[in-house]
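Structure first, commentary second.
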Amino acid sequence: MEFEAVIGLEVHSQLKTKTKLFSSSNNDFGEEPNSNVSVVDLGLPGALPVINDKAVDLAILASLSTDCKINTKSTFARKHYFYPDLPKGYQISQYDEPLASNGTIIIQDINGKDKIVRINRIHMEEDAGKLIHDISDKFSMVDLNRAGVPLIEIVSEPDLSTADEAVSYLKKLRNILIYADVSDCNMEEGNFRCDANISIRRAGETELGIRAEIKNINSFKFVKKAIEYEILRQSKLISNGEKVVQETRLFNSNSNKTFSMRTKEEAHDYRYFPDPDLKPLILTCERIDLLRNSSFQSYNKKLTTYTVDYKLSKDDSEILLSNKALSKFFDDTLLVIKEPKLACKWIITEIIKHINLDSFVLEVENFANFLLVLKDGKINNNSGKELLEKICTSNDDIELLIDSMDLKQESSEDLLKEIIEQVLQNNPDEKQRLLDGEVKLISFFMGKVMKETKGKGNPGIIIAIIKKEFNIS
Amino acid sequence: MVEKKEVLKISKLSRLLIEENKIDSFLKNFSEIIEYINLLDQADTTEIGKDEEIVEYSFRDDSEIEKLEVEDVVKNSAKVENNFFAVTKVIDEE
Amino acid sequence: MKSNLELLTIETIAEGFRNEDFKPSEVMEAFLENIKVKSELNAYIDTYEDDAVSKAAEFDKLFKEGREDLPILSGIPISLKDIFLVKDKICTCGSKMLSNYVSNYDSTVKKRLDDQGVIILGKTNMDEFAMGSSTETSYFGPTLNPWDHERVPGGSSGGSAASVAGRLAVASIGTDTGGSIRQPASFCGIVGLKPTYGRVSRYGMVAFSSSLDQAGPLTHNVRDSAILLDTLSGFDNRDTTSLKLAPTKCYEALKKNDFSPSEFKIGIPYDLLREGLDSEIDQSFNLLVAQLEKMGFKIIDVSLPSSKYAVAIYYIIAPSEASSNLSRYDGIRYGFNEESTPETLEEFYVKNRSAGFGEEVKRRIMLGTYALSSGYYDAYYLKAIKVKRMMQKDFNEAFKKVDCILTPTSPELPFKLGEKKDNPLSMYLSDILTIPANLAELPSISIPFSISSSNLPIGLQLTSNKLCEDTLLKVSSILEREVGFKSKT
C-alpha cells in the first residue's frame, strides 16, 4: 500500500532580547540556578507583567521575514496547567488573536523544485522554567532562569510530505530568523525547538489521517529520524488494520524511536482566556512600516536580489544569507566596488572563517582594494588567500603589503618563458608525455613553475606559454 | 443541578479536594449559584460586538535589569536544594 | 498627654502637628494604646509597633525643626489591608496559604504612602483573598463590628473599616472588587472610596479579580479620602492597566469650597432598588432623596436595566479570574506546603492547595474553573463579558443626564456573625448595589447618612462617570455636611 505523510511543524524560537518578555530579569542562559529571576518570573503575589518593547519588534520582524500579515490588534491569553516549571500556573501566550498570520516559506522539494509551505500563524509567548530530574533520586529540581524568556511560535500548515522537506523547512526558517537578527536559533541551547505533527494517508486521498504530535525535538538529525520512524510506525499500524491514536509522543535519540508519553492525566483543558493584566496589543501601522523599511530587508527579498540582480548561484546566496554579518559585509562591499561574483567568492570561502571572530578588523574599503588588485591581475589567487588572511586581522594597506610580502604577480613573459624552459629541461619524461598528447600534465608543469616563482607566477600567462609551446589549442 | 461527576472533574482540574462528607452540601451550594448565574441566558447580547476601547499601551524598555538575589528567590520555599526548588519527583517515562 | 487624639482626622492631625498642639509620637501612642485596648475587634493581623514608634520619633524632630516642606500625610498613622505587599513583612491575604509568606518587594500603594510620610501601623484583617462580604472567611478569625460586636463589619476590607471606625488608625487602605471598600465602610459608619479602575496601581496588591480590583481609602470623612486618593493615584509603569494620568488633585478642589447643590444632577436608579431592600434602609433613603431635592440638587430618574444581571456577571468574571490568579499557589516557591511526601505531583498540588485554601476560596476557584472550562467558556465567560458591556452602555446613557447616581450602599444592615455562613448565594446577592460600579469601572463612594433603630449605621452610595472623582467628591462633601452623621467614637 502506498502512503503519503502529512507533516506540520510548530517551532519555538527564543528572541534575542536583553530582558525577559514580561519582566526585567536577564534573558541569559546557563547561569547559576534561579539567578535570573524577578518577582514576575517567580509568580509572586501582586506581581504584574509589563511587555518588552524589543521583543515585540523582533516578533514583528520575524513575521515580516516570513511574509506574514501583522495583526494590528492581538491579545495575550492565559493557558492554564499545573507543572512545577510554570510558576503562575498559567503561561502567557496568544490564542485566538495572534500577532501575525498567513505567511509563506519557500523550500525545495526532492526534485529541486520550489515548494511553498504556508505559515498559519506566529504568536508570542513566554518560556517555562526548567525541571531537572537527574540531580537527585528523590526530587525533581526547579530552575526558573528560563521562565519568562520571550518566544515566538511559528506554526506551519501541514504542507510538508517528507522528513527531508521538514528538515529543509526548518533550515530555511532558521536562516531567516538568524538573518533578521531575531534569534540565535541555537538548537543545542534549546532556543530553537520543534514539535512535529504527523499523519499519513493513502496516496491520493484528501482527508487527513489521525495525527501524532512529537514534542521537543532538538536537532535537525533527530527531526529527520523521528519523522521517518513515525511515518513507518503509522504505515505499519494502518497496514495491519490498526488505528493511529491521537497522542503526544517523545523521540528517544538512543533507539531512534518515538514513544507515547502515556501520561494518565485528564485530557488537557487549558481554560484559555484573555489575560486581564495585559490589555490587547495594539500596533500602529507606523511602527510596522518603520520596521519594514528599516535597514532590515527580509531574507526572501535579499535572496532575489542576490540571485536575480547579482546573478549569484542560489547556493552561494544562501551561504551569504546564513550569517547576517556576512551578508552585510557583502552588501557594504558592493557599495564600494561592483563586483558581486568576485566579492561573493572570497567572502564565502575566506571571510566567512573570520567574520564572527573578535580579531576580525578588515574594513570593506580595504577589501574592495584587495578585489581590485586581484581583478587587475597584480596578484594571483594563491597570494590572494595569503594576503586576505593577513588583512582580516590587521586591515593593513594592500599595496604596501603586496610589496613587503613580495606577492606581486610575475607577469613578465620573458622571465616566465625562461623558467618554463628550465622546468621542461629538468623533466624530460613528462615533457615527452605532454608532447604525446597527455594534456593533464599541463597542471604538473604549472605546479613546478609556480614553485619556481614562489607562487607569484601569473597562471594565465604560464598556461598560455605552455600551450603555445606544445601547440595545444 | 450540576452533576457530581462534573464537580469532581472541576475539582481535579483545580487541584482541590472536596472531602467526601462535604460533597453533597458543596454540590447543593454550587448548583444554586450556577442556577442563579444562568439568569444571563435572558440577556439579549446579539447587538453587542467585540468593540473595545483602544487604550494607550505602555511598553517596557529592554534595557534596565531588575531581578531578585538568589537568596530572595528561594527564601520563602519549604524545600530548597542548592538553590533549586525541590519538588516531588516527576516520573517521565523514557 | 493630650486626650482623645485618636478621634481626629488626617486634616486635623496634620494641622495639630504644624501648630505644635501635639507631636507625632503622642498620636502614635494613642493609637497603639487603643489597638491594645480593642484587640477583641480582631481588626489587625499584624502590627508594626516598633517601626511605627521610631518613625514617629523621627517626625517629632522634623516638626520641631519647623520644616515646612513636609507633606500633609507626614507622621499620620494609617493601616493597610493585608493584601498589600510590604517588603520583609508577612503578607497573608487572610489565608493559611500565605500565613508565612514574607514579601520580597513593596507594593506601589505602600511606596506612595511612604513617599508622603505615612506611618504604617500594621496590616488589617480581611476575607481570605478578599473573597467575602463579612471578613468571616479570614484564616485569622472574624473581625467584629465596632458598633455591635455580635455583628460583622462587612468585607472584604472589614479589618480596615473596623480599624478606622474603632479608632485604631486614622485611615486605612483597602481594596474593592465588588464592594469590598464601600460595603464595610457602610457597615462601620465611615467613608469608603473605590476610584475609577486603573486610577491606583495594582502592583504589589495580591490579585483576586484583576479586571475589577481597585485600591482605595477608608476614612472618617470625604476630605481625608480626597487626600489619600491624590496620594495613591497616578500612572505606574509596573501596571499596564494603570491609567496614563497624573495624580488627582481632589483635595485642593474640595478646599476651594466653591460649589453648591444646584450645580449637580443626581440620578436615582429605581429599577435597581425595587426589591430586596431592608425596609428601614428604604425609608431613610426615600427621606434622603426628598431632603436632597429641597437642598437644590436636581433629582432625576435613571434607568439601568442591565444591572439586574450584575451579580450574575460578577460571579462569573471574578471567580474565573480568581481561579487563574490563584493557580500560582502551589507551595513550591512560597506558600503553604504540607511537607508530606506524596507519591505523585498531582497529589502534591492537591494536598497543598486543599489544606492552604479555605472553603469560600475553594468554591470560587471551582466556579471559575467551571466557567472557563471547555464547553462552558462561551456560555459563561464570554456571555458575561458581553452583558457587562451592555451594562456599561446603560451607565453611559445615564451619565449623559446626571453627574452622580445615588443608592444605598447595601440593601441590608450589618448582619450577625455566622448568619449567612451556610448560604453563600444570599451573601453574594447582598453585593447587588456595589457590584455595578466595579463592572463599569466607575468611581464610587459610600458615606454614612443614617442610623437604624437598632443603632447600626446606614451608608449611601454615590457613583459618578469614569475619572470624575472630583465631581463625586464634591457632591459627597455636600452630602456629608448636610445629611451625614459624625462617625462612631
Side-chain angles (χ1 to χ4, degrees), chain A residues 17-20 22-27 32-39 41-42 44 49-58 73 80-84 89 129 131-133 135-144 250 252 254 259-263 265-266 269 271 278-283, chain B residues 2-18 30 33-34 37 40 45 48-94:
Chain A
T17 55
K18 185 174 171 194
T19 66
K20 292 185 181 175
F22 295 113
S23 85
S24 295
S25 53
N26 317 52
N27 172 8
E32 288 299 300
N34 292 313
S35 61
N36 285 329
V37 176
S38 76
V39 301
D41 314 322
L42 192 51
L44 288 181
V50 182
I51 196 163
N52 183 338
D53 204 22
K54 176 85 182 288
V56 175
D57 276 350
L58 294 181
K73 181 192 170 211
H80 300 85
Y81 59 96
F82 288 99
Y83 209 62
L131 203 56
I132 301 152
H133 307 293
I135 298 181
S136 147
D137 299 334
K138 275 163 63 193
F139 300 104
S140 289
M141 299 297 185
V142 186
D143 173 14
L144 297 180
L250 292 174
N252 182 319
N254 295 319
F259 62 95
S260 172
M261 277 174 77
R262 266 185 290 154
T263 35
E265 58 188 301
E266 74 268 28
D269 187 343
R271 289 159 283 138
L278 293 157
K279 294 173 183 170
L281 179 61
I282 306 296
L283 299 170
Chain B
V2 180
E3 280 178 61
K4 184 173 170 180
K5 75 163 201 266
E6 202 142 25
V7 166
L8 291 177
K9 189 188 116 197
I10 295 299
S11 126
K12 199 173 154 69
L13 257 181
S14 343
R15 299 291 188 272
L16 291 171
L17 181 78
I18 316 169
F30 198 82
I33 296 164
I34 296 295
I37 286 172
L40 289 191
T45 51
I48 303 291
K50 263 199 140 188
D51 56 321
E52 284 161 85
E53 53 180 313
I54 302 301
V55 274
E56 201 182 337
Y57 211 84
S58 55
F59 289 97
R60 184 172 48 80
D61 208 38
D62 183 39
S63 55
E64 209 175 313
I65 298 292
E66 188 180 271
K67 60 177 178 178
L68 295 166
E69 295 297 322
V70 182
E71 309 79 83
D72 281 330
V73 172
V74 299
K75 76 174 179 187
N76 276 297
S77 173
K79 187 88 198 140
V80 177
E81 279 191 18
N82 301 320
N83 289 333
F84 288 104
F85 302 108
V87 294
T88 305
K89 188 96 179 165
V90 180
I91 310 129
D92 258 352
E93 295 152 72
E94 209 172 334

Portion of [X] that has a non-hydrogen atom of chain A nearer than 4.5 angstrom:
X       : value
B:Glu64 : backbone
B:Asn76 : neither
B:Ser14 : backbone

Using non-hydrogen atoms only, which part of [X] is less than 4.5 Å away from chain B: side chain, backbone, both, or neither?
X        : answer
A:Ile51  : both
A:Lys138 : backbone
A:Asp41  : neither

Ignoring hydrogens, what is the shortest heavy-atom contact between [X] and [Y]? Give both atom names and the distance.
X       : Y       : result
B:Lys67 : A:Ser25 : CB-CB, 3.7 Å
B:Val74 : A:Asn34 : CG1-ND2, 4.4 Å
A:Phe82 : B:Arg15 : CD1-CG, 3.3 Å
A:Ser38 : B:Leu68 : C-CD1, 4.0 Å
B:Val70 : A:Pro33 : CG1-O, 3.9 Å
B:Arg60 : A:Phe22 : NH2-C, 3.6 Å

(request) Kindly determine whether A:Thr19 and B:Asp62 satisfy side chain to side chain contact (heavy atoms under 4.5 Å, CB included), including the steps that lead there. (result) CA-CA 6 Å; A:Thr19 66; B:Asp62 183 39; 2.6 Å; yes
(request) Determine the option with the most heavy-atom pairs under 4.5 angstrom with chain A, choosing from B:Asn82, B:Val73, B:Val80. (result) B:Val73
